[in-house]
Amino acid sequence: MSNATLTPARTTARPAAEPRQSFGSWFRDKGWRHLVGLVMGVFALFPLAYVLSAALSPTGTLVSASGLFSTIEFDNFVKLFSDPQKPFARWFMNTLIVGLITSAGTVFLGALAAYSFSRMRFTGRRFGLLSLMLLQMFPQMLGVVAIFLLLSGISDVVPWLGLGSQTGLIMVYLGGALGVNTYLMYGFFNTVPKSLDEAARIDGASHIQIFFTIILRLVTPILAIVGLLSFITSTGEFLIASIVLNDPDAQTLAVGLYSFIGDSQSRTWGVFSAGAVLAALPVMALFLFLQRFITTGLVAGAVKG
């Protein structure tokens with residue numbers, strides 16, 4: 001006769017329910033943060049909603065007595081592309097060309113300078129870093145006259161690089177590439193262990209090989225951030241672009257859209273708002289494309305810092 005083995009029943013102890021937090025205690029602890037975030041979100045989104053409402057309104061003005069989105073039509077977008085004197089499609093393409101080339105050149109030149117300051121030791125290194133920061137203290141407006149005279153003189157020798165040319169505008173933008181962007185990259189480059197460089201040199205790698213095959217892959221987040229900031233700055237810049245680009249066919253969106261509201265007798269705010277909405281699409285698309293790199297860069301910078 002086999003003896004039956006009796007196994008005592010297992011009882012699972014349930015954790016005691018936490019006491020429900022009162023509203024006042026929750027608000028003091030976390031709730032006020034949600035309230036501040038909600039207020040700031042509304043504060044940031046209201047101007048965007050206002051411009052979008054004006055773009056879809058057939059009245060042609062920013063002020064509507066019926067409220068936001070009372071009437072939705074697309075006449076302003078049709079007028080935006082139907083005026084041969086104001087080639088919006090050409091301005092849009094010019095903006096993309098100038099913005100993409102400027103951002104790519106800024107990232108490349110800034111990365112080269114940041115690598116030199118981070119990995120090399122040479123006479124004047126500290127002075128160069130301080131000079132890059134001090135130059136950012138002077139406003140952009142101080143160099144407008146000098147830029148105009150310089151490009152005017154270049155036009156007599158090399159017309160495609162002087163006034164009225166997009167190439168000249170890109171060169172002016174790239175002239176400011178070695179500023180705060182280089183300093184941002186320099187701080188990120190310093191977080192990359194120098195032991196990787198030393199191991200690569202033992203294998204016979206040169207500075208160029210180390211820079212392109214090792215360093216650039218490890219600092220991709222900061223490259224994406226600098227590229228995005230440079231693209232936003234170059235596509236939205238108005239002062240220098242309005243001076244350099246005097247040909248309507250070569251103008252960017254920032255300069256071209258001003259013609260819709262520059263004349264006080266024929267201001268078309270609805271068409272201007274429609275153009276502003278479309279002008280924001282490239283920046284949004286680039287931000288969404290680089291979002292994972294930007295998030296990685298911010299997290300990595302917080303951990304390494």
Side-chain angles (χ1 to χ4, degrees), residues 44 95-122 124-140 169-201 203 205-237 240 280-305:
T95 302
L96 290 180
I97 293 173
V98 172
L100 292 176
I101 295 178
T102 301
S103 58
T106 299
V107 169
F108 182 69
L109 294 178
L112 288 176
Y115 177 80
S116 301
F117 284 120
S118 177
R119 290 300 194 265
M120 301 179 184
R121 296 297 179 265
F122 50 89
R125 173 178 170 274
R126 183 177 178 81
F127 177 77
L129 286 173
L130 293 176
S131 299
L132 290 177
M133 293 301 297
L134 290 176
L135 289 176
Q136 305 306 310
M137 297 174 57
F138 299 95
Q140 190 182 51
L169 180 63
I170 293 174
M171 292 296 104
V172 172
Y173 288 159
L174 291 180
L178 301 180
V180 66
N181 293 328
T182 300
Y183 216 85
L184 290 175
M185 292 185 183
Y186 166 75
F188 202 92
F189 275 42
N190 287 338
T191 63
V192 178
K194 294 184 179 180
S195 58
L196 298 176
D197 301 32
E198 297 172 356
R201 290 196 193 95
D203 294 336
S206 62
H207 278 293
I208 295 179
Q209 292 173 328
I210 295 173
F211 176 75
F212 284 103
T213 61
I214 298 177
I215 301 298
L216 286 186
R217 297 182 181 180
L218 298 177
V219 298
T220 302
I222 193 64
L223 301 182
I225 294 175
V226 171
L228 177 63
L229 294 178
S230 176
F231 183 81
I232 295 175
T233 302
S234 58
T235 54
E237 200 277 328
I240 296 179
L281 295 181
V283 177
M284 294 175 58
L286 185 61
F287 177 80
L288 294 176
F289 176 74
L290 299 176
Q291 186 177 12
R292 64 187 184 94
F293 298 105
I294 296 174
T295 304
T296 304
L298 293 177
V299 173
V303 173
K304 294 178 181 179

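Worth saying up front: this structure is predicted, and the values here are computed from it rather than measured. Only this structure's heavy atoms are used, side chains among them; waters, hydrogens and symmetry mates stay out.
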Measure the shortest side-chain to side-chain distance between Ile232 and Phe287 over non-hydrogen atoms and say whether it is less than 4.5 angstrom. no
Does any non-hydrogen side-chain atom of Ile210 lie less than 4.5 Å from one of Arg119? no
Can you tell me how far [atom2] of [Y] sits from [atom1] of [X], rounded to the nearest 0.5 angstrom?
X	Y	atom1	atom2	result
Tyr115	Asp197	OH	CG	5.0 Å
Tyr173	Ser103	OH	OG	12.5 Å
Ile97	Leu169	CD1	CG	12.0 Å
Thr233	Leu228	OG1	CG	9.0 Å

Among all residues two or more places apart in sequence or in another chain, which pass the ring pair (Phe, Tyr, Trp, His ring centres under 6.0 Å) test with Phe189? none
When Thr106 is tested against each of Thr182, Ile101, Asn181 for side-chain contact (heavy atoms from CB on, under 4.5 Å), which residue passes? Asn181
Under the side-chain contact (heavy atoms from CB on, under 4.5 Å) test against Leu223, which residue among Val219, Ile225, Val226 passes? Val219
[X] to [Y] - nearest heavy-atom pair and separation:
X	Y	answer
Ala224	Leu290	O-CD1, 3.7 Å
Leu174	Thr102	CD2-O, 3.6 Å
Phe188	Leu218	CE2-O, 3.9 Å

Strictly distance-based, threshold 3.5 Å: is any side-chain N or O of [X] a donor or acceptor partner for the main-chain N or O of [Y]?
X	Y	answer
Ser230	Gly227	no
Glu237	Ser234	no
Thr220	Arg217	yes

Students often mix this up, so state it plainly: with edges at 30° and 60°, are the rings of Phe117 and Phe122 parallel, tilted or perpendicular? tilted
Mark yes when over 12 heavy atoms from residues, nucleotides or ligands other than Met120 sit less than 6.0 Å from its CE; otherwise mark no. yes
Any chance CG of Leu288 has more than 12 other-residue heavy atoms, nucleotides or ligands included, within less than 6.0 Å? yes
Mind checking side chain to side chain donor-acceptor pair (under 3.5 Å) for Ser118 and listing every partner two or more places apart, or none if nothing turns up? Asn190
